[in-house]
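First up is the structure itself, then whatever we jot down about it.
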Number of protein chains: 2
Amino acid sequence: MPKRGETKRAGIIEVAELAGVSRQTVTRAMNDMPGISAQTKRRVLEAAEQLRYRPSRFGRELVQQSARSLGLIVSDLANPYFSELASEFAKIAAANQWALVIIEKHPGPDTGWEQLRTLVGQVDAAIAYTDLAPHDIDRIFGSLPLVLLDAAERTLNALSPSRPRSAVNIDLAPGLAAVLDHLVGSGRSRIALVDIRYPTDESVRRETFARLVRDRGREPVVIEVEAGDDDLLVGRRAVQIAFDAPHPPDAIIAFNDMSAFGVLKELRVRDLAVPEACAVVGIDGLKIGVFVEPELTTLRLDFAAFAQLAFDEVVNMCATAPGAPQPPIRRHVSHELVVRQSG
Amino acid sequence: MPKRGETKRAGIIEVAELAGVSRQTVTRAMNDMPGISAQTKRRVLEAAEQLRYRPSRFGRELVQQSARSLGLIVSDLANPYFSELASEFAKIAAANQWALVIIEKHPGPDTGWEQLRTLVGQVDAAIAYTDLAPHDIDRIFGSLPLVLLDAAERTLNALSPSRPRSAVNIDLAPGLAAVLDHLVGSGRSRIALVDIRYPTDESVRRETFARLVRDRGREPVVIEVEAGDDDLLVGRRAVQIAFDAPHPPDAIIAFNDMSAFGVLKELRVRDLAVPEACAVVGIDGLKIGVFVEPELTTLRLDFAAFAQLAFDEVVNMCATAPGAPQPPIRRHVSHELVVRQSG
DNA sequence: TTGTAGGCGTTATCAT
DNA sequence: ATGATAACGCCTACAA
């Protein structure tokens, strides 16, 4: 029964009738299969064209048991961090004949909960970069294979153990150590970290940073900034806080590249030369880091490798028999220091 | 017959048997439908959980005739222009319960032709921002409803008229007129347009620009640059060309924001003050336009409106009966001038 | 080269 | 409240 107003689309049967052949012959023609004469094939394709026939995904996928649709949940695709990552997933997914379904889940308590469930229902596995609570994760994804990206330890530990859940996390310590060596080596003494306060936060960054700085005989400075919609403003705010205080830093490691751009901007507004008066280092290695002046020194994440790890794990989970145990896999990636002009 | 190594996923029948009920009762429990006792429902859900049961999309969609999967083809999702656009599509699609499938088709003759067909087969309609030849469009999309974004007139005219094809194009003239009024009004006399040469190009930009400039009693300057992988370099190259020539411009309208960033950068390298020595105006209105120094004056495109037009047209095409005529719809969007610091 | 039969997993309809 | 039956549209296997 066609829905209101819509006429039913032509099916394989109509095409078969119009072409005067069997359904099977239509299948052969449409899918470039052998065992059909050129003439019959042409007649069938003409009939299909005339009826605007297109094989139904549903019927086809049902019988072929395809299951190659990957959901990627990010908070905001307009954020270059997520779009660069999504771009890598697009390449990897395409190379493996998976469709990549992008789902935006903007931060906030219960924004579009039902919507999310609907979208997730269209997908055979998912990769999520989000700060959803463990409880919500279980409710939304059910027993769908899911790989979490850069999730808080606390979240991971609270996940239902019977569900297929893995994770790829970012290990900040090695990169941070490399930056600190670089900054200390170039004579910086008051090194600050911009740390955005998130509700789900764990302060693990702060502690790692403080330890690493002390290891190098310097005193750590942590600039705490409230999370905002706009990381650019977060960066500017960080500079305001740090430079309105008694002992301003001579090096700033931003929370990420986006906030580093804000740091650069506010320093320029205050006529503080970068890197002479203050070095600035970002985290992520976004492509637009070379757009600004001076070009941003940063800890680059290998997005392609990051995405590949997650994708491999998804495929792995999908291939595991449902009865077999699904030990949650934990993988890690870390950064590489890219020294440019800002530090 | 399960594929190599993989065990068949639990189906509704297994769940029904384990719970000791009929398939229909399982359906009722899984979908929160009425007509089931709380106790039975709980028993069924437990059985489902135990078997890691998840209703098959294929079976479900087959019987429900869903057809709510939208493909978005872009050349490079890591390019902020496309990701900001894609982000709007994600919001619109989600609000209408469509899944958004992102497909990257990087420029180049026959890169992943078969791959593209496979992906397109997973989708019920598509929106494409690409410079594919009309011939390839017909072969790849067949009779799939398709909306082209900012396609060349030549391409549109060559499309097979029997296929459901519409288009939303960008009308540059109104925005360009606004910029020129602004630049002339602030005393600029040698106004240049950076024009990237693409293979499929039509030089329509150049002509519109030249006409509008002459209308205002100034002499147009067109800086032609070969297309490259990197719009930033294109912008820098444009400045090199223009300022190594006898009469450099005092205002540059870049091909897009990304190349405008390159223009800004090269001007800074040459110690030319912006906007004093040379005004710079971008096109697109990307969010990162406020990240650079000085902030970029630009012609902003309303991405949300652009996407909404395309989406509405897709829905419209899908709702049209296959027998009914499908007159190709052509819609247009234009820019709004956003004056910031660079011009 | 072509046709026939069967089943993929689900939901809708109708009967109990 | 629950169950039996019939599609949904397609492809694989086999028969002609």
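Computed from a prediction, not measured in an experiment: that's the story for all the values here.
A distance of 6.0 Å or more separates the ring centres of B:Phe311 and B:Phe306. Ring centers of A:Tyr81 and A:Tyr129: under 6.0 Å apart, within the cut-off.
Atom CD1 in A:Ile13 sits about 13 Å away from atom P in D:dC11, given to the nearest Å. At whole-Å resolution of the value, CE in B:Met33 and P in D:dG3 are 14 Å apart. Regarding B:Tyr53, its OH atom lies at a distance of 10 Å from the C1' atom of C:dT11, rounded to whole Å. The interatomic distance linking A:Arg54 (CZ) with D:dC11 (P) rounds to 14 Å, in whole Å. In this structure, B:Gln64 atom CD and C:dT11 atom C1' are separated by 7 Å, rounded to whole Å. Separating the CZ atom of B:Arg9 from the P atom of C:dC8 is a distance of 15 Å, rounded to the nearest angstrom. The distance from atom CZ of A:Phe58 to atom P of C:dT11 is 14 Å, rounded to the nearest whole Å. A straight line from CD of A:Glu14 to P of D:dC8 spans 10 Å, rounded to a whole angstrom.
Residue B:Ser37 is in sugar-phosphate contact alone, with no base atom involved, counting any heavy-atom pair closer than 4.0 Å across all strands shown. Across all strands shown, B:Ile36 has heavy atoms under 4.0 Å from sugar-phosphate atoms exclusively, and none from any base. Residue contacts shown for A:Ile12 are limited to sugar-phosphate atoms, with no base heavy atom under 4.0 Å away.
Distance from the side chain of A:Thr40 is smallest to C:dT1 among D:dC10, C:dT1, D:dC11. Here the nucleotide nearest the side chain of A:Leu62, chosen from D:dG3, C:dC8, C:dT2, is C:dC8.
Every residue was checked against the salt bridge (charged side-chain N to carboxylate O under 4.0 Å, His left out) condition with A:Glu153, not counting sequence neighbours, and none meets it. Contacts of A:Gln24 classified as side-chain hydrogen bond (donor to acceptor under 3.5 Å, both in side chains), with partners at least two apart in sequence or in another chain: none.
The backbone N or O of B:Ser66 sits nowhere less than 3.5 Å from a side-chain atom of B:Arg60 that would complete a donor-acceptor pair. Using modelled atom types, one side-chain atom of A:Asn169 and one backbone atom of A:Ala151 make a donor-acceptor pair closer than 3.5 Å.
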Distances for protein N or O near nucleotides 4-7 of chain D N or O, under 3.5 Å:
none

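Dashed line: the shortest gap from a side-chain N or O of A:Thr25 to OP1 or OP2 of C:dG3 is under 4.0 Å.
Listed by first and then second residue, the salt bridge (Lys or Arg N to Asp or Glu O under 4.0 Å) pairs involving residues 24-39 of chain A are A:Asp32-A:Lys41 (not counting sequence neighbours).
A salt bridge links B:Arg165 with B:Asp138: the closest approach of a Lys/Arg side-chain nitrogen to an acidic carboxylate oxygen falls below 4.0 angstrom.
End-to-end axis angle of the helix from C:dT1-D:dA16 to C:dT16-D:dA1, using five pairs per end and rounding to 10°, comes to 30°.
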Only pairs under 3.5 Å count here: list side-chain donor-acceptor contacts from residues 116-125 of chain A, not counting sequence neighbours, and write none if there are none.
residue  : atom : partner  : partner atom : Å
A:Arg117 : NH1  : A:Arg139 : O            : 2.8
A:Thr118 : OG1  : A:Glu114 : O            : 3.0
A:Asp124 : OD1  : B:Arg57  : NH1          : 2.9
A:Asp124 : OD2  : A:Arg68  : N            : 3.1
A:Asp124 : OD2  : A:Ser69  : N            : 3.0
A:Asp124 : OD2  : B:Arg57  : NH1          : 2.4

